Amino acid sequence: MYIDTHCHISEEDYDNIEKIIENIGNNIAIISGADEKSNYEVVKLCNKYKNIYGTLGIHPGQIDNLSDDIFGFIEQNINNPKIVGIGEIGLDYYYKNDNKQKQKEIFIKQIEIALKYNKPIVIHSREAAQDTYDILKNYDNLKKVLHCYSYTLEMANLFAKINVKFGIGGVITFKNAKNLVNVVENINIKDILLETDSPWLTPEPIRGTKNEPKNIPLIAKKIAEIKKMEIASVLQITTNNAINQFDLKI
Ligand SMILES: [Zn+2]
C-alpha cells in the first residue's frame, strides 16, 4: 500500500476525476488545497471518496485578493475527519519576491490555525530556504513536511533537527536531479514521505504525460535504488511515516 501525501486533483486539471481516483484503488491520496476554490473542492472530494483525504490552505502564490472569510472556511472544515492538515502554505520568492512580508504573515497565520487545532502542516518553499527555516524553528513540536523538497543536504540536516519531514516526488527520477539524489541518499528514510504533486512533475519514464497518484511506485522504485533497499520496504516505511505524520485512522 502507498500514500500519495501531496497532490492536486481538480476538475480543472482532469477530464475524468472518477477514473483518476479509481486508479488509486485501495491506496490513499492526500489532496491539497491551494486557494479558495480548490479548498472547497478538496472538502467535496474527501466527503465523497473513501481513499481521498485532504489538507486545506492558501498557497503563497495565491494570497492576493483573499476574501475575508477564507480562514473561516478552513476553520469550519478543519474538524472534518478526512481533513488531515493545513496546506499547502509557505513562501515562494521565485514566483514573487516583492511581497515577502505579506507571504510571511499569511504563512504564519495558517501555522497558528494548525497549532490551534493540532494539525500537521504541508509547506511549499521555493527560493526561500532561510526565511522558511527561521519561521519553522519557532514551531519545533508541530508536525511539518516540506513538500517537493528542493534545497541542499546541509539545509535538510538543519530542517530535520527541527522535526521537518521531506516530501519526495517525481523530480527524484529526473536526469538532472543530482542534488536531490544526494539529499535522499543521506537523509533518514523515516523522514521521507512520498508524493506526486499531481498533475505536475510526472516521474520518468512517463515524463510528459499528466501525473496522477497511481505513479507513486515509480518514485518508490527510484528511492529504493538510491538507498539500496527493496521497493516493498520503501513503500512500507514511507506509508507508516505518512500514517504517523497525518495521524490517519485507517
Ligand atoms: Zn502542490
Side-chain angles (χ1 to χ4, degrees), residues 2-14 17 20-21 24 27-46 52-64 66 70 74 82-96 103 106-107 110-111 113-114 119-129 132 136 143-151 159 164-174 177 180 183 192-203 207 209-216 218-219 238 241-242 245-246:
Y2 62 76
I3 299 176
D4 183 351
T5 61
H6 182 88
C7 58
H8 306 269
I9 298 179
S10 103
E11 281 174 17
E12 212 173 276
D13 292 313
Y14 297 99
I17 283 195
I20 301 297
I21 292 172
I24 300 168
N27 303 292
I28 285 172
I30 301 176
I31 60 175
S32 185
D35 57 17
E36 302 194 64
K37 184 165 170 265
S38 54
N39 282 329
Y40 179 81
E41 216 177 346
V42 164
V43 172
K44 201 176 87 181
L45 293 175
C46 283
I52 297 293
Y53 290 70
T55 63
L56 301 177
I58 303 295
H59 184 287
Q62 306 288 340
I63 60 175
D64 293 328
L66 293 179
I70 178 60
I74 293 174
K82 299 292 287 299
I83 299 298
V84 295
I86 297 290
E88 63 180 288
I89 61 175
L91 303 174
D92 192 328
Y93 299 164
Y94 174 83
Y95 173 77
K96 207 168 185 208
Q103 287 196 36
I106 303 277
F107 183 28
Q110 296 182 92
I111 295 175
I113 296 174
K119 295 281 180 179
I121 57 174
V122 178
I123 304 144
H124 170 105
S125 178
R126 198 163 177 206
E127 292 192 7
T132 302
L136 293 180
K143 287 183 174 173
K144 42 204 174 298
V145 55
L146 273 173
H147 112 77
C148 194
Y149 185 76
S150 62
Y151 298 131
F159 278 121
V164 170
K165 308 292 180 199
F166 305 96
I168 305 295
V171 174
I172 192 67
T173 68
F174 297 175
L180 189 59
V183 168
I192 293 178
L193 301 171
L194 304 185
E195 61 166 70
T196 61
D197 206 14
S198 299
W200 302 289
L201 301 176
T202 310
R207 200 174 173 186
T209 65
K210 192 168 274 187
N211 205 3
E212 55 175 300
K214 74 164 186 191
N215 295 330
I216 282 283
L218 294 172
I219 296 158
T238 54
N241 295 346
Q245 184 77 1
F246 294 99

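Note that the structure is predicted; figures quoted are calculated from it, not measured. Counting convention: from 1, in listed order, for ligands and their atoms alike.
A donor-acceptor contact closer than 3.5 angstrom links the side chains of T55 and S32. Looking at D35 and S38, their side chains do bring a donor and an acceptor atom within 3.5 Å of each other.
Scanning for side chain to side chain donor-acceptor pair (under 3.5 Å) contacts around E212 gives N23, with sequence neighbours left out.
Take the Zn ion (ligand 1) and draw a sphere of radius 2.8 Å; the protein N/O/S atoms inside it number 4.
At a threshold of 4.5 Å between non-hydrogen side-chain atoms, the residues N215 and T202 count as touching.
A 6.0 Å sphere centred on OH of Y95 holds no more than 12 heavy atoms belonging to other residues, nucleotides or ligands.
Under the 30°/60° scheme for interplanar angles, the aromatic rings of H124 and H59 are found to be tilted.
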